[in-house]
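Here's the structure we're looking at; comments come further down.
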Amino acid sequence: MQPNISFIDEPQKLLNALPEIEAMPIWAVDTETTGLDPFESEVILLQVGSPLKQYIIDCRKVAVEPLRSILEGDKPKILHNAKFDYKMISHHFKINLENMVDTMLIEQVLMNGKMKSGFGLKDLAPRYLGIEVDKSERFSFLAHKGDFSLSQLEYAARDIISTYLLAMEQLPRLHKEALEDTARLECLTVSSFGDIELNGFYLDQRRWLTIVEEAKKKRDAARIALDQAFEAVHQKDLFGAVEINYDSDQQLKAALHRLELPVEDTSRNTLIKIKHPAIDRIFEYREQQKIVTTYGEAFLEWVKKYDGRLHPDFHQLGAESGRVSCTRPNLQNIPSDSDFRACFTAPPGRKLITADYSGCELRILAELSRDPTFIDTFRNNRDLHSIVATQMYHKPVSKKENKELRDKAKIINFGLAYGMGPGALAITLNATAKDAEALLKGYFKTFPKIKEYLENSAREALERGYSQTMGGRKRYFVVPKEDDRAARGAIERQAKNMPIQGTNADMIKLALVFVRREINHRQLDVKMVNTVHDEVVVESAEAQVDEVAAMVRDKMIEAGEYFLRTIPVDVECTIADHWSK
DNA sequence: GAGGCACGCGCC
DNA sequence: AAACGGCGCGTGCCTC
């Protein structure tokens, strides 16, 4: 399809074109920018249009304000990787795109599990449309000055043509696979993640460094202790003792062998079974080294100079379960230790609200399995782990009485959702395989509905070739041959877990949509700053923090109840100067 | 020197 | 006999 370009390089041209643009029922939208970071680059071109006509606006010469009502309005805007353009347009023009249709997310929803990469427009255009997209022109915008070449404009136009056509190819496929609801949810969630990334999360860097410095000292002490523990078996060369690099699992394993501790690997689970003074030193060293490396100075490099905040990159479909992942930096694996979380603070006059779904996955399992004890426990707001332990061991168990039995039940309860077998349970509980097997048997005898549900999940996935969440999200599997027991076992475990983890993902995404909507409707002085699977963190003006906390809680419950129809939803909310939990 | 893998470990 | 689901990151170590 040949471009039909209207190049708008004077404000009046935009006003002239406006009636034509407004008359379109649906637009593809794209931007060309000088870089990837909205804070450090400019928008050069904004393109809106369809395969019939493409309006390319020179943003250096023409204000895009007249397009506000279109971009923020109800009619659909098709974009590829919408979060990128959303952030650019929001940051530079204070216009927040609404009703986005993201062809990249849709493709990921359609192909979830069938394909790991290749979701760029340059991959999809040839596949769906038989059009080759030459992305090389994109780089010509990076340091662009002066007028645009024809090939630059044609490139800009072709991108919205192919994005538009791509969406038209995808929509019937979504219908055919019954994935419309999931696609809609994903598209609705884009602006929440766009906002979170633009908002950033304030970090108290001084406080953070204090922890790191402390860890360095402890690590160095642990290293000295380790040297002593291994002194007798240091390998020597001509120049004297050669240090063992304790960061190298190979070297550490070899050194342990020389201590006559013949371990197969050096993982925590392996080492924990060994009684030897060196082992605790290893654990101490690794714990501190982890802090120094993963959460050390390098982490602080991500703090932006202009606002002292971390602006991570969320991958909305980072996991095949539907979960979000996070990078640069990952704000979803910050140590839950309060020392670290307390470094994420609210600026003066503001507070942080940490809100999380309590027992989310187990509630979902209760809903899905219809197990009477699980249902009853949540309905009466009792402690599930204690109840489970009581039923399994026929002894009174609570958080105070026979707590060790509660701990075991807790491990099984969580492990279940991961398709845990006796082997893994034995390792986790540090028990014999026989004991673990007996425990699992007892568990499933007590909760036959759980067993039935999980096994059904596994069987269905192998029969149909996919698993499904309550929101209708699908994860496709390549089903191995009958005789490939190991591969089938792996898929069975994934299939047991996916509906649970994935429904949790559906739920938190819907919550993010609701919370954002309410913030905007009520015009609250609130920023969403992070989300971690079953948790939302928002930064609020202190004056209205109670109102906001109640709102966040309500919206999360509303989202939860969309999925959990028979099990109550519970949200725990903490208000503090810092990130809690 | 870059890129990719395995390992180990932080989170839910 | 047996691998507990989903991630990202730093390090070591190997290959090219």
Side-chain angles (χ1 to χ4, degrees), chain A residues 112-113 215 244-254 263-272 282-283 285-299 301-302 312-337 340-341 356-362 364-365 411-429 433 436-437 440 454 457-458 461 467 469 475 485-505 508 530-535 579 581:
Chain A
N112 188 23
I244 300 164
N245 183 348
Y246 303 110
D247 297 326
S248 160
D249 51 305
Q250 282 182 33
Q251 292 184 37
L252 182 60
K253 185 173 153 184
V263 290
E264 295 213 354
D265 59 77
T266 68
S267 67
R268 198 184 166 82
N269 273 342
T270 304
L271 298 187
I272 205 159
I282 295 173
F283 291 158
Y285 172 79
R286 281 183 177 167
E287 185 182 340
Q288 303 306 329
Q289 176 71 343
K290 176 77 175 176
I291 293 171
V292 174
T293 55
T294 303
Y295 305 105
E297 278 103 348
F299 187 91
E301 302 279 311
W302 294 109
D313 185 11
F314 285 91
H315 300 249
Q316 205 175 303
L317 288 168
E320 288 183 21
S321 60
R323 263 197 189 174
V324 174
S325 71
C326 182
T327 60
R328 303 162 66 89
N330 184 357
L331 290 189
Q332 299 191 134
N333 71 342
I334 304 299
S336 53
D337 180 67
F340 276 96
R341 302 245 164 157
D356 69 297
Y357 287 113
S358 80
C360 190
E361 292 201 345
L362 289 173
I364 291 167
L365 177 58
I411 289 171
I412 302 182
N413 277 335
F414 283 118
L416 269 182
Y418 305 154
M420 183 168 60
L425 183 63
I427 290 167
T428 319
L429 288 177
E437 202 164 333
L440 264 191
L454 290 172
S457 292
S467 286
T469 67
R475 176 182 178 176
R485 291 283 305 273
R488 287 176 82 89
I491 287 177
E492 282 172 352
R493 290 190 298 279
Q494 291 165 350
K496 286 174 183 175
N497 178 251
M498 194 272 175
I500 304 169
Q501 187 178 117
T503 300
N504 191 165
I508 197 78
N530 198 13
T531 175
V532 192
H533 309 306
D534 60 0
E535 172 184 355
W579 185 11
K581 213 187 200 178

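Chain naming here is simple, since letters A, B, ... match the order of the sequence lines and numbering starts at 1 in each.
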Side-chain donor-acceptor pair present, A:S267, A:D265, cut-off under 3.5 Å: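 Present: a donor and an acceptor within the cut-off.
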Minimum side-chain heavy-atom gap A:L425-A:I412 below 4.5 Å: yes
pair A:I427-A:M420: side-chain heavy atoms closer than 4.5 Å: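 Heavy-atom side-chain distance check fails, nothing below 4.5 Å.
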Just compare [options] and give me whichever is closest to any side-chain atom of [X].
{"X": "A:T293", "options": "C:dG10, C:dG6, C:dA3", "answer": "C:dG10"}
{"X": "A:D247", "options": "C:dG8, C:dT11, C:dG10", "answer": "C:dT11"}
{"X": "A:S325", "options": "C:dC7, C:dC13, C:dC4", "answer": "C:dC7"}

Could you tell me the separation between the [atom1] atom of [X] and the [atom2] atom of [N], rounded to a whole number of Å?
{"X": "A:N269", "N": "C:dA2", "atom1": "CG", "atom2": "P", "value": "15 Å"}
{"X": "A:N245", "N": "C:dG10", "atom1": "CG", "atom2": "P", "value": "17 Å"}
{"X": "A:L425", "N": "C:dA1", "atom1": "CG", "atom2": "C1'", "value": "17 Å"}
{"X": "A:I412", "N": "C:dC4", "atom1": "CD1", "atom2": "C1'", "value": "13 Å"}
{"X": "A:K290", "N": "C:dG8", "atom1": "NZ", "atom2": "P", "value": "13 Å"}
{"X": "A:Q250", "N": "C:dC13", "atom1": "CD", "atom2": "C1'", "value": "6 Å"}
{"X": "A:N413", "N": "C:dC4", "atom1": "CG", "atom2": "P", "value": "17 Å"}
{"X": "A:L331", "N": "C:dG8", "atom1": "CG", "atom2": "C1'", "value": "11 Å"}

Side chain A:S321 and base C:dC7 donor-acceptor under 3.5 Å: no
Residue closer to the 5' end of DNA chain C, A:A424 versus A:N330 (nearest nucleotide): A:A424
Phosphate contact (C:dC4 OP1 or OP2) by A:R493 side-chain N/O below 4.0 Å: no
N or O in side chain of A:R328 less than 4.0 angstrom from C:dC9 OP1/OP2: no
Start and end of the DNA chain B segment that chain A contacts, any atom under 4.0 Å from a heavy atom: B:dC7 to B:dC12
Pick base, sugar-phosphate or nothing for [X], based on heavy-atom distances below 4.0 Å to the nucleic acid.
{"X": "A:E535", "result": "nothing"}
{"X": "A:F414", "result": "nothing"}
{"X": "A:T266", "result": "sugar-phosphate"}
{"X": "A:C326", "result": "sugar-phosphate"}
{"X": "A:Q251", "result": "sugar-phosphate"}
{"X": "A:Q289", "result": "nothing"}
{"X": "A:Q494", "result": "sugar-phosphate"}
{"X": "A:A319", "result": "sugar-phosphate"}

Cation-pi geometry met for A:R268 and A:F283 (6.0 Å, 45°): yes
Span that lies between the C1' atom of B:dA6 and that of C:dA3, in whole angstrom: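 About 16 Å, rounded to a whole number of Å.
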Stepwise side chain to side chain contact (heavy atoms under 4.5 Å, CB included) check, A:D356 with A:K581: CA-CA 9 Å; A:D356 69 297; A:K581 213 187 200 178; 3.7 Å; yes
Residue A:Q251 excluded, over 12 heavy atoms near CD under 6.0 Å: yes
A:E361 and A:K496 ion-paired at < 4.0 Å: no
Worked verdict on A:F314 versus A:T327 for side chain to side chain contact (heavy atoms under 4.5 Å, CB included): CA-CA 6 Å; A:F314 285 91; A:T327 60; over 6 Å; no
Heavy-atom pair of closest approach, residues A:A495 and A:S457: O-CB, 3.7 Å
